[in-house]
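Inspection log for the structure reproduced underneath, given as structure tokens.
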Amino acid sequence: MRRVLAALLVGVSVVAPVAGSSGYALTGGTPPRDEPRTIRAAFAKRSYATGDRALFRVTASVPSATLRIFRAGPERRKPKGADDMLGAAVTKPRAIAVGGPRTVFVDIGAWKSGFYFARLEAPGGWLGFAPVVVRPKVLGTRRVAVVLPTNTWQAYNFRDVDGNGVGDTWYANPQIPCVDLSRPYLDRGVPSMVVRGFMRWFEHGGRAADFLADDDLDRMKSGRELARLYDLVLFASHEEYVTTHVYDIVERFRDLGGNLAFLSANTFFYRVERRGDRMCRTGLWHGLGRIDAALTGVHYQGWWEEKYPSRPYTVRGAETAPWL
């Protein structure tokens, strides 16, 4: 039986950044830059397994900073803005030397699989964040996999690394074919569409799952392996950019009786290729003969035209999906 859920949560709306609709470079605007006193930071990989030693890169013009790792979701209050993240601390505060580009190692303990972030701060209002997915040491620990949209996060990252006045993404300039997946995010390191609401719903509901980054899904050998490991694969947010391999294995997973849930529009919309640390887009999936609605149950069209305003999801017929 093929089971697909296109919308699950009541009261969750999907919002895309304004810059994503046209791009500041196309309107003559000033490219976004770091807030003053930002500590730029990024993990070398977008996911690590429990027990791994994670590599962490940090840059700031302060001599030292305090580093602490948090798990997103258990917090009870909402962040102050788009450049803030909240969660439950899983490490003690640790002083690290900065004063320029530095490499720091973080030992991932017996943390449960989930979405985590590093918080770095220094006197004088210096602050920065770096997100990371922690997957279980052995996949299939839980029969549900939650995939976080790490490809989309970098596609919407307008950081201008080469300093040419244009953000290094096709949302700033359609002529840019590839994005660097290793860049720190703007907004003090907080990705756009960072699934805050989903993580709070997940954690406060006492739910458990194997959390995966796009890279983890891409490393699956086949749809059969995915079906052996999981009964449900849930795409928690804006899973817009996927490789051919991911499309193939998810489609095969469905055909083998696997259950799918998509919690956002614009899912499986663009084909991309990985070239080292770069992700390059190669065309719309529906232009390549694979209609996204055939997999997700719905088709995205023209949200940016504002003909159909965003509204909360409404769940109907939930009794028909007891597997969920």
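In this chain, numbering begins with 1 at the start of the sequence shown. Not measured: the values here are computed from a predicted model. Heavy atoms only: backbone and side chains are in, while hydrogens, waters and symmetry mates are out.
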Working to the nearest 0.5 angstrom, can you tell me the gap between Arg46 CZ and Trp153 CH2? 9.5 Å
Specify the closest pair of heavy atoms between Tyr171 and Ala155, including all atoms of both residues, with the distance to one decimal. CD1-O, 3.1 Å
Nearest-0.5 Å distance that lies between atom CZ in Arg275 and atom SG in Cys178: 5.0 Å
Taken in chain and number order and not counting sequence neighbours, the residues that satisfy side chain to side chain contact (heavy atoms under 4.5 Å, CB included) with Asp248 are Thr244, Arg290
Are any of the side-chain nitrogens in Asp210 or Arg143 under 4.0 Å away from the carboxylate oxygens of its partner? no
Scanning both residues in full, the closest heavy-atom pair of Ala49 with Lys137 reads CB-CA, 4.1 Å
Sidechain N-carboxylate O distance under 4.0 Å for Glu35, Arg37: no
So, Tyr116 and Arg71: side-chain donor and acceptor under 3.5 Å apart, yes or no? no
Please lay out, stage by stage, how Arg159 and Asp34 fare under the test salt bridge (Lys or Arg N to Asp or Glu O under 4.0 Å). CA-CA 8 Å; Arg159 180 172 293 283; Asp34 281 320; 2.8 Å; yes
With ring-ring contact (aromatic ring centres under 6.0 Å, His included) as the test, would you mind laying out the steps for Phe129 and Tyr185 before giving the verdict? CA-CA 9 Å; Phe129 301 93; Tyr185 296 100; over 10 Å; no
Under 3.5 Å, is there a donor on one side chain and an acceptor on the other for Ser47 and Arg135? yes
Given 3.5 Å as the limit, does a donor-acceptor pair link the side chain of Thr66 with the main chain of Arg94, or not? no
Is it true that Trp285 and Tyr247 have ring centroids separated by less than 6.0 Å? yes
Euclidean distance, Asp255 CG relative to Arg252 CZ, rounded to 0.5 Å: 6.5 Å
Among pairs that include at least one residue of residues 181-198, which meet salt bridge (Lys or Arg N to Asp or Glu O under 4.0 Å), considering only residues two or more places apart or in two chains? Asp83-Arg188
Is NZ or CZ of Arg53 both nearer than 6.0 Å to the six-membered ring centre of Phe105 and within 45° of the ring axis? yes
Taking all non-hydrogen atoms of both residues into account, name the closest pair between Tyr156 and Ser192 and its distance. CB-CB, 4.2 Å
Should the ring pair Trp170 and Tyr241 be called parallel, tilted or perpendicular, given that the plane angle runs from 0 to 90° and is split at 30 and 60? tilted
I need the Phe253 CZ to Leu217 CG distance, nearest 0.5 Å. 10.0 Å
Should Leu127 and Leu120 be marked as a side-chain contact (heavy atoms from CB on, under 4.5 Å) after you check the CA-CA gap, both sets of side-chain angles, and the distance that decides it? CA-CA 6 Å; Leu127 182 63; Leu120 297 109; over 6 Å; no
Expected output: side-chain Ser113 to main-chain Val134 donor-acceptor under 3.5 Å: yes
Side chain Asp52, main chain Tyr48, donor-acceptor under 3.5 Å: no
Trp111 side chain vs Thr50 backbone, donor-acceptor pair below 3.5 Å: no
Show the numbers, then the answer: is there a side-chain contact (heavy atoms from CB on, under 4.5 Å) between Arg200 and Lys78? CA-CA 10 Å; Arg200 287 196 298 271; Lys78 293 183 178 181; 3.9 Å; yes
My understanding is that only residues two or more places apart in sequence, or in another chain, count here; which of them pass side chain to side chain contact (heavy atoms under 4.5 Å, CB included) with Ala89? Arg68, Phe70
When every non-hydrogen atom of Thr150 is compared with those of Ala213, the smallest separation belongs to OG1-CB, 3.8 Å
Could you tell me whether Arg224 atom CZ has more than 12 heavy atoms of other residues or ligands within 6.0 Å of it? no
What residues, two or more places apart in sequence or in another chain, satisfy side chain to side chain donor-acceptor pair (under 3.5 Å) together with Arg219? Asp216
Between Asn157 and Pro184, is there a donor-acceptor pair closer than 3.5 Å when you use the side chain of the first and the backbone of the second? yes
How long is the straight-line distance from CG of Leu67 back to OG1 of Thr91, given to the nearest 0.5 Å? 6.0 Å
Exactly one of Asp215, Asp218, Asp214, Thr243 should register a side chain to side chain donor-acceptor pair (under 3.5 Å) with Arg274. Which one does? Asp215
Arg77 bridged to Glu75 by N-O distance under 4.0 Å: no
Which heavy atom of Ile39 sits nearest a heavy atom of Ala65, and at what distance? CD1-CB, 4.0 Å
Go through the structure and list residues passing side chain to side chain donor-acceptor pair (under 3.5 Å) with Lys112, not counting sequence neighbours. Glu203
Could you walk me through whether Met193 and Val195 pass the side-chain contact (heavy atoms from CB on, under 4.5 Å) check? CA-CA 6 Å; Met193 294 171 283; Val195 298; over 6 Å; no
Could you tell me which residues satisfy side chain to side chain donor-acceptor pair (under 3.5 Å) with Thr282, sequence neighbours excluded, listed by chain and number? Arg271
Can you tell me how far the CG atom of Leu186 sits from the OG1 atom of Thr38, to the nearest 0.5 Å? 9.0 Å
For Val146 and Phe115, run side-chain contact (heavy atoms from CB on, under 4.5 Å): C-alpha distance rounded to whole Å, both residues' side-chain angles, the deciding distance at 0.1 Å, then the answer. CA-CA 10 Å; Val146 172; Phe115 180 46; over 6 Å; no
Got a sec: does the CD of Glu305 have more than 12 other heavy atoms crowding it under 6.0 Å? yes
